[in-house]
Peer 1: 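Pasting a structure here, questions to come.
The first residue in the sequence is number 1, and the count goes up from there.
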Amino acid sequence: FSSELAYVLGILLVAAGVVLMEKADFGVSMIVAPAYLLYRWLSPSLSFFTFGMAEYCLQAFLLIVMCLVIRRFQVSYLFSFVTAVIYGFVLDAFMMLGSVLPSSLLWQRAIWYVLGMLLCAAGVSAMFHTYIAPEVYELFVKEVSSHFHIDINRFKTAYDCTSCMIGVIMSFLIFGLWHFEGVKWGTVFCALINGW
């Protein structure tokens with residue numbers, strides 16, 4: 001179907017999936033774990049700081065890292081940051097909508113987790129099939145794997161696992177040793193199978 005539709009669906013599906021995984025509380029997606037932890041850390045003292053803001057702030061940093069790694073900058077890369085900002089606003093809207101979902105029972109949380117993981121995977125896949133600039137996360141995987149001639153699926157899995165480890169380290173540093181906040185078994189499971 002149309003590339004434009006893939007772009008819109010990608011943003012909507014990823015945002016909805018992230019919110020469902022957050023609601024399940026089995027661990028958020030490994031890609032958003034660092035931004036989620038940043039949000040959880042800063043939002044109590046900075047009430048205006050939302051999950052969506054944490055996302056596009058972290059993606060701006062990742063964009064700089066990507067340009068340093070591949071030693072190239074193109075103006076088109078900035079459009080990925082625009083996508084990140086749009087995604088951030090959509091994510092914040094879905095966070096408000098998701099707050100009313102029931103999640104007191106284990107089976108409800110399990111449904112939200114599985115559905116969230118599937119939506120995230122479908123959304124990322126849609127973003128890889130559009131000519132419109134994807135989020136910086138997907139751009140990083142595309143550009144770095146291409147620059148170093150690495151199979152994109154293998155690089156995506158390695159990138160996912162690295163994001164998961166960064167999330168675990170951040171959780172320990174922010175919330176204390178052996179206190180898993182945002183990064184749990186569901187994050188690790190998602191990191192191992194999502195790239196595939």
Side-chain angles (χ1 to χ4, degrees), residues 7-65 80-103 108-109 111-124 126-127 133-140 159-160 162-176 179-191 194:
Y7 177 79
V8 172
L9 278 177
I11 290 174
L12 294 173
L13 292 175
V14 170
V18 166
V19 169
L20 290 175
M21 290 180 79
E22 192 269 343
K23 191 71 176 178
D25 196 31
F26 294 138
V28 294
S29 161
M30 62 281 152
I31 299 300
V32 302
Y36 181 71
L37 290 165
L38 188 64
Y39 156 69
R40 292 291 306 270
W41 180 44
L42 294 177
S43 62
S45 56
L46 302 172
S47 58
F48 64 88
F49 194 75
T50 65
F51 191 4
M53 289 175 80
E55 278 283 13
Y56 56 77
C57 288
L58 207 61
Q59 288 190 53
F61 175 75
L62 187 61
L63 184 62
I64 293 167
V65 169
S80 284
F81 180 70
V82 171
T83 297
V85 172
I86 293 168
Y87 164 74
F89 284 113
V90 172
L91 178 61
D92 287 340
F94 277 129
M95 284 291 285
M96 284 189 284
L97 294 173
S99 66
V100 300
L101 291 174
S103 61
Q108 293 168 330
R109 294 172 54 212
I111 289 172
W112 298 147
Y113 175 79
V114 171
L115 188 57
M117 191 173 69
L118 292 172
L119 290 176
C120 282
V124 169
M127 293 301 278
E135 281 189 88
V136 178
Y137 299 132
E138 287 80 29
L139 179 70
F140 185 93
Y159 175 80
D160 290 351
T162 302
S163 289
C164 185
M165 288 306 303
I166 290 170
V168 168
I169 292 166
M170 285 179 69
S171 182
F172 288 164
L173 291 175
I174 295 170
F175 298 103
H179 179 80
F180 290 100
E181 188 67 39
V183 181
K184 299 179 182 178
W185 67 266
T187 307
V188 175
F189 179 71
C190 192
N194 207 293

Peer 1: Establish, yes or no, whether a centroid distance under 6.0 Å links the rings of Tyr87 and Tyr56.
Peer 2: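 No, they do not, as the ring centres are separated by 6.0 Å or more.
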Peer 1: Return the minimal non-hydrogen interatomic distance between Leu97 and Val100, and the atom names on each side.
Peer 2: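 In this case the closest contact between Leu97 and Val100 is O-CG2, 3.1 Å.
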Peer 1: Which value, rounded to the nearest 0.5 Å, describes the distance between Leu58 atom CG and Ile31 atom CD1?
Peer 2: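 Spacing of CG (Leu58) from CD1 (Ile31) equals 10.5 Å.
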Peer 1: Please work out whether the ring planes of Tyr39 and Phe51 are parallel, tilted or perpendicular, with thresholds of 30° and 60°.
Peer 2: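 Parallel.
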Peer 1: Got Val14 and Leu119 here, is their nearest side-chain heavy-atom distance under 4.5 Å?
Peer 2: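 No. Closest side-chain heavy atoms not under 4.5 Å.
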Peer 1: For Leu101, does its backbone N or O pair with a side-chain atom of Lys23 as donor and acceptor, under 3.5 Å?
Peer 2: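 Yes, Lys23 side chain to Leu101 backbone: donor-acceptor pair under 3.5 Å.
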Peer 1: Does the side chain of Met21 reach to within under 4.5 Å of the side chain of Trp112, using non-hydrogen atoms?
Peer 2: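 No - every pair of side-chain heavy atoms lies 4.5 Å or more apart.
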Peer 1: Can you check whether Glu138 reaches Val124 side chain to side chain, under 4.5 Å on heavy atoms?
Peer 2: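 The answer is yes, as the side chains (C-beta and beyond) meet within the 4.5 Å cut-off.
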Peer 1: Do Tyr113 and Trp185 make the cut of ring centroids closer than 6.0 angstrom?
Peer 2: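 Yes: the rings meet the under 6.0 Å criterion.
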Peer 1: A side-chain contact here means heavy atoms from C-beta on lying under 4.5 Å apart; do Met165 and Met30 qualify?
Peer 2: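 With C-beta onward as the side chain, the pair stays apart.
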Peer 1: With rounding to the nearest 0.5 angstrom, report the CG to CZ distance, Leu42 to Phe49.
Peer 2: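 These two atoms lie 5.0 Å from each other.
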Peer 1: Rounded at 0.5 Å granularity, tell me how far CG in Leu20 sits from CG in Leu118.
Peer 2: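 Here the rounded value is 10.5 Å.
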Peer 1: Report yes if the side chains of Gln59 and Phe140 come closer than 4.5 Å at any heavy-atom pair, otherwise no.
Peer 2: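 Gln59 vs Phe140: side chains apart.
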Peer 1: For the residue pair Glu55 and Leu91, establish whether any side-chain heavy-atom pair is separated by less than 4.5 Å.
Peer 2: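 Yes, side chains in contact.
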Peer 1: Do Glu135 and Ser80 touch side chain to side chain, with heavy atoms closer than 4.5 Å?
Peer 2: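 A side-chain contact under 4.5 Å is absent here.
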Peer 1: Verify the neighbour count for atom CZ of Phe81: are there more than 12 heavy atoms of other residues, nucleotides or ligands below 6.0 Å?
Peer 2: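 Correct, the count exceeds 12.
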Peer 1: Would you compute the distance between atom CH2 of Trp41 and atom CZ of Phe175 and round it to the nearest 0.5 angstrom?
Peer 2: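 Here the rounded value is 9.5 Å.
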Peer 1: Which heavy atom of Gly17 sits nearest to which heavy atom of Cys120, and what is that distance?
Peer 2: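 Closest heavy-atom pair between Gly17 and Cys120: C-SG, 3.6 Å.
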Peer 1: Would you compute the distance between atom CE of Met53 and atom OG of Ser43 and round it to the nearest 0.5 angstrom?
Peer 2: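 Met53 CE to Ser43 OG: 11.0 Å, rounded to 0.5 Å.
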Peer 1: For Gly10 versus Met127, what's the shortest heavy-atom pair and its separation?
Peer 2: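 Here Gly10 and Met127 meet closest at CA-SD, 3.7 Å.
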Peer 1: I'd like to know whether Tyr7 forms a side-chain hydrogen bond (donor to acceptor under 3.5 Å, both in side chains) with Thr83, so could you lay out the CA-CA distance, the side-chain angles of the two residues, the decisive distance to 0.1 Å, and finally the verdict.
Peer 2: CA-CA 9 Å; Tyr7 177 79; Thr83 297; 2.8 Å; yes
Peer 1: Should Val136 and Phe61 count as side-chain neighbours, where that means a heavy-atom distance under 4.5 Å?
Peer 2: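 They are not in contact (no side-chain heavy atoms under 4.5 Å apart), so the answer is no.
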Peer 1: Just by modelled atom types, is the Val28 backbone N or O under 3.5 Å from a matching donor or acceptor in the Thr187 side chain?
Peer 2: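 Indeed, once roles are kept as given, a pair shorter than 3.5 Å links the two residues.
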Peer 1: First locate atom SG of Cys57, then atom CG of Leu38, and finally report the distance between them rounded to the nearest 0.5 Å.
Peer 2: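 Rounded to the nearest 0.5 Å, the SG-CG separation comes to 7.5 Å.
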Peer 1: Strictly distance-based, threshold 3.5 Å: is any side-chain N or O of Ser163 a donor or acceptor partner for the main-chain N or O of Tyr159?
Peer 2: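 Yes, because the side chain of Ser163 sits within donor-acceptor range (under 3.5 Å) of the backbone of Tyr159.
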Peer 1: What's the shortest heavy-atom distance between Phe26 and Lys184, and which atoms?
Peer 2: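 Shortest heavy-atom separation between Phe26 and Lys184 comes out as O-CB, 3.0 Å.
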